[in-house]
Amino acid sequence: MLDLKNIRKNPKEVRKNLARRKDKVLLERFDNLLKKDEQHRKILWKVEHLRHKRNEKSLLINKLKKEKKNFKKAISEVQKTVKNLEKEELKLEKSDKEMNILLMRIPNLIDECVPYGEGDKDNVEIRKVGQKPKFSFKPKNHFELLENLNLIDSERANKVSGHGFFYLKGDLALLDFSLQKFAIDFLSEKGYIIVEPPLMLRKKPYEGVTDLDDFENVMYKIEDDDLYLIATSEHPMASYYMDEILNAKELPIKFCGISSCFRREVGSHGKYTKGLFRMHQFNKIEQFIFCKPEDSLKLHEELQNNCEQLYKKLRIPYRVVDVCTGDLGIIAAKKYDTEMLMADGKYREVGSNSNCTDYQARRLNIRYREGEGKPIKGFVHTLNNTAIATSRTIIAIIENYQNKDGSITIPKVLQPYMNGKKKILKQKVI
RNA sequence: GCCGAGGUCGCAUAGUCUGGUAUUGCGCAGGAUUGCUAAUCCUGUUCCUUUGGAAGCGUGGGUUCAAAUCCCACUCUCGGCGCCA
């Protein structure tokens, strides 16, 4: 959510920033917001005026009552005002709701250096790291490899849970755990606090952390309860401090979240869906930071550096792209995507690093002050980046580390986590 | 799940029975005073179209000219009991 006061103060500047997205509908929406705000304040003034009239009369009634004078006439007089007020208050309530929805749908102001583009095709490559592996044979897709090794069962998962679910078995399940522990150890050493959050959240925190459209397309709702399965641990970590005031002396606060993630993935059929790339449920180690506004740019780079170090240690070729205006989404002011090289020679997203500035914090009402007893200074900045999403990283490992006989070499850094095993071989059928 | 107590502005606290300007202290900001500091005093500390208004007492309804206060529902926290991997 943007600061309405700032919009009122600098409507032209805000409009200019939004215009960089080259989205006509958005600009119309923004102009509509400005118009609505003007109307809204008129209604507000009217309501307050009527309330004033009523309050004055109320005081008079009280005075007459105390003086044991007749107050019946005053009451019948004020009733007209009250009726009128009720009408205007309904208008105000409606206008207030409309304003809120409009404001919630205005995206974050984008950082100056974000490149312009219409979609993910226009993202700008910043760097490419690692060598493309050379195979003396035609490399296979991870799903085929995993099926041949008896490490995955999608048919039985489909039978019991439907499309998009899998049983990971044997060394594949172990590889998943190993990747998580590898990332946890790395971040823990850097001082990130390990957090295992709730896997379900109420609607209120959810409205704070994400775009409203996500409710239909992404989130699973728990029937009979006001609860949603989390789509990423970013969400429970961001809402951890909801409605709280942090002490700047404690900032930045760095979290390393561990969780399964649940996504409905509505409308993403046909987009490279075979196998582990798009699952309804996967595991992710996530980095999350609360910080002072002046530190967020620098920490955004730190988060980026962290995940790149992990990928370098795993020796998987990757590239980093600067996400363009059209692919940025609503919450982030600036975003880097990290993409790993897959067997078909294409780079695919494995992690996403967002600087949300104060947009999320304003929605969640997370403020800070310079010290105990000092006045509230403003909203904190929040940032999040994937450390390792196991499923997608597993794809990259399987496809980049495959051998001619169909076995998979385990990356050196993961071998200690895999009981010293160096290779994944065909498992017994079960 | 049951019983009990509670939720008041940044923090603490009074008011709730018996409806009538939300009290007081602390913190913070600005000003006055003062060799400096401290103390003291004044104003402010949410929103608005600011010589003035309005709102705000966990949330949402209701009753009323008027609700922190009365009624209903919900929610969270704490304590006790029950169930439980």
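Chain A is the first sequence line, chain B the second, and so forth, proteins listed ahead of strands; every chain is numbered from 1. Predicted model, so just to flag it, every value in this text is computed and none were measured.
In this structure B/C84 sits in no base pair that meets the Watson-Crick or G-U test at under 3.5 Å. Pairing partner, B/C57: none, since no Watson-Crick or wobble contact has both distances short of 3.5 Å. Across all strands shown, B/G6 forms a Watson-Crick or G-U wobble pair, both distances under 3.5 Å, with B/C76. Of the nucleotides present, none pairs with B/U69 by Watson-Crick or G-U wobble criteria with both distances under 3.5 Å. For B/G52, the paired base is B/C48 (Watson-Crick or G-U wobble, both distances below 3.5 Å). Checking B/G19 for Watson-Crick or G-U wobble geometry (two distances, each under 3.5 Å) identifies no partner in any strand. Remark: B/A39 base-pairs with no nucleotide; criterion is Watson-Crick or G-U wobble with both hydrogen-bond distances under 3.5 Å.
Considering CZ of A/F166 and CG of A/L151, their distance stands at 13.5 Å, rounded to 0.5 Å.
With 3.5 Å as the limit, one finds a donor-acceptor pair spanning the side chains of A/E308 and A/Y318. With no hydrogens or angles considered, no side-chain donor-acceptor pair links A/Q287 and A/N384 at under 3.5 Å. Side chain to side chain, A/N123 and A/D322 fail the donor-acceptor criterion of an N or O pair below 3.5 Å.
In this structure, A/H280 and A/F165 have tilted ring planes: the angle between them lies in the 30° to 60° band.
Distance check on atom P: B/U13 versus B/U75 gives 26 Å, rounded to whole Å. A gap of 32 Å separates the P atoms of B/G62 and B/C78, to the nearest Å. Comparing the C1' positions of B/G52 and B/G58 gives a spacing of 32 Å, expressed to the nearest Å. A distance of about 38 Å separates the P atoms of B/G27 and B/G61, rounded to the whole Å. As rounded to the nearest Å, B/C76 and B/G60 have C1' atoms that lie 15 Å from one another. Across B/U8 and B/A22, the matching C1' atoms stand 8 Å from one another, rounded to whole Å. The gap from the P atom of B/U18 to that of B/U24 amounts to 26 Å, rounded to the nearest Å. The gap from the C1' atom of B/G56 to that of B/C47 amounts to 10 Å, rounded to the nearest Å.
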Report task. Would you please test A/R156 and A/D153 for salt bridge (Lys or Arg N to Asp or Glu O under 4.0 Å) and show each step? Result -> CA-CA 6 Å; A/R156 288 198 176 91; A/D153 193 331; 2.8 Å; yes

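Note on A/K5: only backbone sugar-phosphate atoms sit closer than 4.0 angstrom, heavy atoms only; bases stay farther off. Using a 4.0 Å heavy-atom distance criterion, A/K65 is classed as a base contact.
OP1 and OP2 of B/C65 both lie 4.0 Å or more from every side-chain N or O belonging to A/N55. Close to B/G53, at under 4.0 Å from its OP1 or OP2, lies no side-chain N or O of A/K53. Between A/R41 and B/C48 there is no side-chain polar atom (N or O) within less than 4.0 angstrom of OP1 or OP2. Contact annotation: A/R369 side-chain N/O to B/C28 OP1/OP2 distance is not under 4.0 Å. Between A/R51 and B/C65, a side-chain N or O to OP1/OP2 separation shorter than 4.0 Å is absent. For A/R8 and B/C48, the shortest distance from a side-chain N or O to OP1 or OP2 is below 4.0 Å.
Remark: P of B/C11 and CD of A/E244 are 11 Å apart, rounded to the nearest angstrom. Rounded to an integer number of Å, the gap from NE2 of A/H52 to C1' of B/U49 is 15 Å. The separation between A/N100 atom CG and B/C47 atom P is 16 Å, rounded to whole Å. The CD1-C1' distance, from A/I245 to B/C28, rounds to 12 Å in whole Å. As rounded to whole Å, 13 Å separates atom P of B/U21 from atom CD1 of A/I61. The distance from atom CG of A/N365 to atom C1' of B/C9 is 13 Å, rounded to the nearest whole Å. Taking atom CG on A/N247 and atom P on B/C28, their separation rounds to 14 Å, with Å as the unit. The distance from atom CG of A/D96 to atom P of B/A54 is 19 Å, rounded to the nearest whole Å.
If you find the closest nucleotide of RNA chain B to A/E56 and to A/K42, the one lying nearer the 5' end belongs to A/K42. Positionally, the nearest nucleotide of RNA chain B for A/N62 lies more toward the 5' end than for the other of A/R202 and A/N62.
Out of B/U49, B/U21, B/C65, the shortest distance to the side chain of A/V78 is found at B/C65.
Taking the centre of each ring, A/Y240 and A/F255 come in below the 6.0 Å mark.
Looking at A/N247, its side chain never comes within 3.5 Å of a backbone N or O of A/E250 through a donor-acceptor pair.
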